[in-house]
Each structure stands twice: as C-alpha cells, then as structure tokens.
Amino acid sequence: MENAPASKNFIENIIDKDLAEGTYETICTRFPPEPNGYLHIGHAKSILLNYGLAKEYNGRFNMRFDDTNPTKEKTEFVESILEDIKWLGADWEDRLFFASDYFEKMYEVAVKLIKKGKAFVDDLSADEIREYRGTLTEPGKESPHRNRSIEENLQLFQDMRDGKFKDGEKVLRAKIDMASPNMNMRDPVIYRVAHMTHHNTGDKWCIYPMYDFAHPLEDAFEGVTHSICTLEFEDHRPLYNWVVQEAEFPHPPKQIEFAKLYLTNVVTGKRYIKKLVEEGIVDGWDDPRLVSIAALRRRGFTPESIQMFVDLCGVSKSNSSVDYAMLEYCIREDLKLKKPRLMAVLDPIRLIIDNYPEGQIEYLTAPNNMENEELGERQIPFGKELYIEREDFMVDPPKKYKRMFPGTEVRLMNAYYVTCTGYDTDDEGNVTAVHCTYDPETKGGSAPDGRKVKGTIHWVEAANAGKATVRLYENIVDEEKGVYNKEDGSLNLNPNSLATVTAYVEPSLMEAKAYESFQFVRNGFFCADYKDSKEGAPVFNRIVSLKSSFRLPK
Ligand code: ATP
Ligand code: MG
C-alpha cells in the first residue's frame, strides 16, 4: 500500500488483517484494572493504547473493573481509577462494567464445560494439585477424581456454590492435558471455594472464578475483539483460547501481548509505594514524587504530555526501560508555548538600586511568553528594592560568569540595565544585599547607544512581591546506590528528594488556582498544589526544570 502510514505498530497490523479478512466487523478494546491500587504511568500506556485503537478504528473502548478476587479489592480505588482515566481523556461512554456482575454467566459457562466433559470437581488439596502438576521437564499426573461422571460433577459444583464445602476443600478444574508442555494447560483450577464477602456481590457467592477462566469470558461477554495485555500473559494465551472456544462464542476475542512500560530508576510497584505511604515517607498515593497518575496530575503533568510520552515509547514485544528524562521532555514540550513565563526568586537576596527614587513604584510591560504572542503581556511593578537569586551575584566570580559582580553591567529582565556597585555583609562576611545603579535610558532592556550586556537576570520587586512556598524535587530513590538495597530488597531512598523553599513571586501568582501551571523563568515549570495551597498562600510544585541533556531517540 503506497499511502499507508509507515509506522503502524504490530497491533494495528493485526487489526488491519482481522478487519480485512472479516474476522470482526468492528473492533472493541478494554482496560481491565483490578481495583487494588492507584494507576501508574504504566497503566496510562495501556489505557491510551486501548482507547487510541478504538478511536482510530471507530470501534468501542470498554472500561471494566476486574473485581473477581474478593480478597484484595477496595471501593476507594474504583473512584480514583475512574477519575484518572477520565483525566487522561479515555472515554468509555456508557460502557462501565464490573466483572463481578458476570458471576452468574460465568457459572453457567462452568456448568456448560462440565456437561461437555471438559471440567471436573477435584478433592485434591492445593499442595497435592501442585505436586501432581509435574515440572517443566516432567508431565503431570492426572487427579484420581478426573473421571467423575458428569452428573456427579454437576451435583458437586452445585454443592460448592451452595456452601457445602470449606475453603480449599473442593475446586473445579478444566479437563485439558496433564502432559501439556504448557503448565497452564495442565487441568488448571477455574473455580475455588472462598467464604468471603465481595465488595459488589456481598455474600451471594462462596465460589469465585480464577483469573485465567474469568478474564477471557469477561472479554467475550462484552464482545471485546482484541484483548490487549502485557507479556507475562503470553503463556496463558492457549488457556485463554481454550476457554473462549469451549464456551463456544461465535466471534471469540483474541489476546495480544505487548511489553510493559518500565521507567529506569523509577518505583512503580504497588508494594513499595504502599510502604512509602504507610510509613509517611510520602504524602499519600499522589505525592508529586511518585508516578501514579494522580501524582503526575498533582505535580502538573498534563494528559497531552503523557499521550506524547506513550506515543514516543511506541508499542513493542520486547521489554525495555525508558528514561524518566523522556517524560520530562514531553511535559516541557507541552507547556513551553502554552504557559506564561513569570518571575519568581527561589533563593532571594536583596538588590538595592541606589539611584532609583525612594518609594517610587513604576509598572513595566512584560510579554507573557516571548515565543507565543497570543498569551499577551502584563504589567509588573518595579522599584528601588528587588529580590534576585543569590546565585546571580558573586563577589569574586570565575572567568565565564556572566551575571552580577562588582563593576559589571547586566540586564534586569523586562526592565533596565544596572551596574553593580557594591554589597553589604553581616558580621560573618555573608552577603546580605547587593547595590547597583540603573540607567533610566535602558527601560525595556536595551540601550539607545547600542551597548550590550552579557547577562540577563530575573527579579521580583520587594514591596509588592508575594511570598509562596515552592517545592523542589529529586528522584525519591538514590540513583547512585541503585533503586533497591542489595541486602534486604528495600528502597534506597534519596534524603534530598524534597526541598521546600520560600520564594518571592510576582504578585499575580498569589492568585494561582489549584493545578494552574506556569513557567518561572530560568527555574522551570511549576504547578499550584491542589492539596496544600491556601487562599493567599500558594504552594508550587516544580514539575520540571528547564535544562536537560535529553535528546529524542531517533
Ligand atoms: P501493577 O502490579 O504494576 O500495579 P497490575 O498488572 O497488577 O500492575 P492491573 O490492574 O492488573 O495492574 O492492570 C491493568 C492493566 O494494565 C493490565 O492490562 C496490565 O497488563 C496493564 N499494565 C499494568 N502495568 C503496566 C505497565 N507497566 N505497562 C503497560 N501496561 C501495564
Ligand atoms: Mg494485576
């Protein structure tokens, strides 16, 4: 095909073929999380992949909670997961499903299998089943109960449902092949007895279907065509196919595996994050140092940036790990033209303009984003006393230093040229204030005589400055030491992962709304924290700094 886009991924190729051959008329995908934790960036990949394919092929995307396991699920997570998916922009329309709503239909399929002689009730204990299962090199042994009559199996399965057995006393197994080279096909357990209350069905059931039986049925009941999952399920595919075939669906779904998204040196495992939350090391599941979707949102990432990231990662069949810097690249790209560039001083020192009139405040015009005129301009106060960054002044600088030191002229961004004339110190010799004079002819930042300056520094006028809390982040784990402690498997935490400073900011920033984000010139992109900001006392999280050595992969 001459005009076909060159870069279709392998899943698109499968779909194209299925549609061309008439295997399916339209496609249906789904996202099937277990409601047992918050979603993370890896899930975002799965969500956007499934939703993106449905949209691309004019098909359907279903949202389904895989809540067949009564031990782990929590209703609290259902809400957070839906919120995250909505925020990412994936739309399930009116198709929100719970696998537990299919328990009755799953039971019927199990009965059907028994009637076909394809399932049997077993009395072996879990340990015995494991023993009988054989190894990768040796075939398994058939259960002594494998050849029960269909009638007996039907009765026993009914009894299982009716609560006549204790947990573990009986299971229902598929009757497939104890000699199969694929261990998953050696008469896998498909139902177990568990006297447990389920968050949705309460105490209605005391038998629960196993994942490998339930999942293909959920897909099939919903008319899912392409059941996309991650690579660890590859060996389960023959069982998936067996289930949908034996259940005799006319258009059975097919399972397709792709590689999980891993981020180098980033912790995504639920177990670890739970521990960080419980020990109070992070401020909940959405602490901005984490990569749960809620945390990324709180930190100031946008759905667009995550989509861009997922697109750049691509879809593949082999596991690999992506650098966090790529995610940072995406958010910078997304925000750089969209957000105003304001001035904030994070490590302030006073700058006094000795020849500027005492008590005078003038308003200067500054573009909101030099690269995007559409964002307009603003008025900023200027006066005799300003704050500048401590690192923008040095008493005795190295050769290449382009900022302020005694005797040099620099530009105050959007304002005037100033010449440093001296500085004050305290008893210990620390610089407490810097002095300069300004050239009134250079208003706006250029000199009529054409003279140039080497450096431009940002500032905030002291009398009108707002005071804001700013949080600066590093990786929560110590990359030098490696993520995991070699001895006990715990995380090597970075003690400097959070630094909190009080910054002086342009007055307008004091009105920032939750989740509103900005560029603070030279310091990075920042987002107003929804949790900790108070009226008149905003808290800004640094999303990302401006500099990076990251280059897009070719
Ligand atoms: P985790 O253990 O990392 O929290 P999970 O696999 O237990 O993840 P599920 O709720 O079972 O979480 O996953 C829902 C869907 O998200 C599954 O289809 C799963 O394959 C997919 N998924 C999970 N982690 C990743 C990842 N890192 N990259 C891509 N897809 C993922
Ligand atoms: Mg899981």
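Sequential numbering from 1 along the given sequence is applied to the chain's residues. A quick note: this is a predicted structure, and the numbers were derived from the prediction, not measured. Counting convention: from 1, in listed order, for ligands and their atoms alike.
- The closest heavy-atom contact to atom 6 (O) of ligand 1, among the options Glu257, Lys260, Glu34, comes from Lys260.
- Across His215, His43, Arg271, heavy-atom proximity to atom 12 (O) of ligand 1 is greatest for His43.
- Under 4.0 Å from ligand 1, the heavy atoms of Phe31 that appear belong solely to its side chain.
- By heavy-atom distance, the residue among Gly42, Cys313, Pro32 lying nearest atom 31 (C) of ligand 1 is Gly42.
- Checking only distances, His40 does come within under 3.5 Å of ligand 1, N or O to N or O.
- Of the N and O atoms on the side chains of Asp286 and Tyr530, at least one donor lies less than 3.5 Å from an acceptor on the other residue.
- For ligand 1, one of its N or O atoms has an N or O atom of Lys270 under 3.5 Å away.
- The pair Asp91-Lys55 does not meet the salt-bridge criterion, since no charged nitrogen lies less than 4.0 angstrom from a carboxylate oxygen.
- Where the criterion is an N or O separation shorter than 3.5 Å, residue side chain and backbone included, Lys45 fails it with respect to ligand 1.
- Atom NZ of Lys338 has more than 12 heavy atoms from other residues, nucleotides or ligands within 6.0 Å.
- A pairwise comparison of heavy atoms in Trp285 and Ala295 identifies O-CB, 4.0 Å as the closest pair.
- Of the N and O atoms on the side chains of Asn62 and Arg95, at least one donor lies less than 3.5 Å from an acceptor on the other residue.
- Residue Pro33 has at least one heavy-atom neighbour below 4.0 Å for each of these atoms of ligand 1: 10 (O), 14 (C).
- One side chain, Asp18 or His226, offers a donor N or O that lies under 3.5 Å from an acceptor on the other.
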- Walk me through it: do Arg64 and Glu222 pass the test salt bridge (Lys or Arg N to Asp or Glu O under 4.0 Å)? CA-CA 10 Å; Arg64 180 208 313 146; Glu222 290 174 13; 2.9 Å; yes
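- Checked by distance only, ligand 1 and Glu232 stay at 3.5 Å or farther apart across all their nitrogen or oxygen atoms.
- Each of the following atoms of ligand 1 lies closer than 4.0 Å to a heavy atom of Thr230: 19 (C), 20 (O), 29 (C), 30 (N), 31 (C).
- Residue-to-ligand polar distances keep Ala259 apart from ligand 1: every N/O pair is separated by 3.5 Å or more.
- The aromatic rings of Phe526 and Phe520 lie parallel to each other, their planes meeting at an angle below 30°, with 60° marking the opposite boundary.
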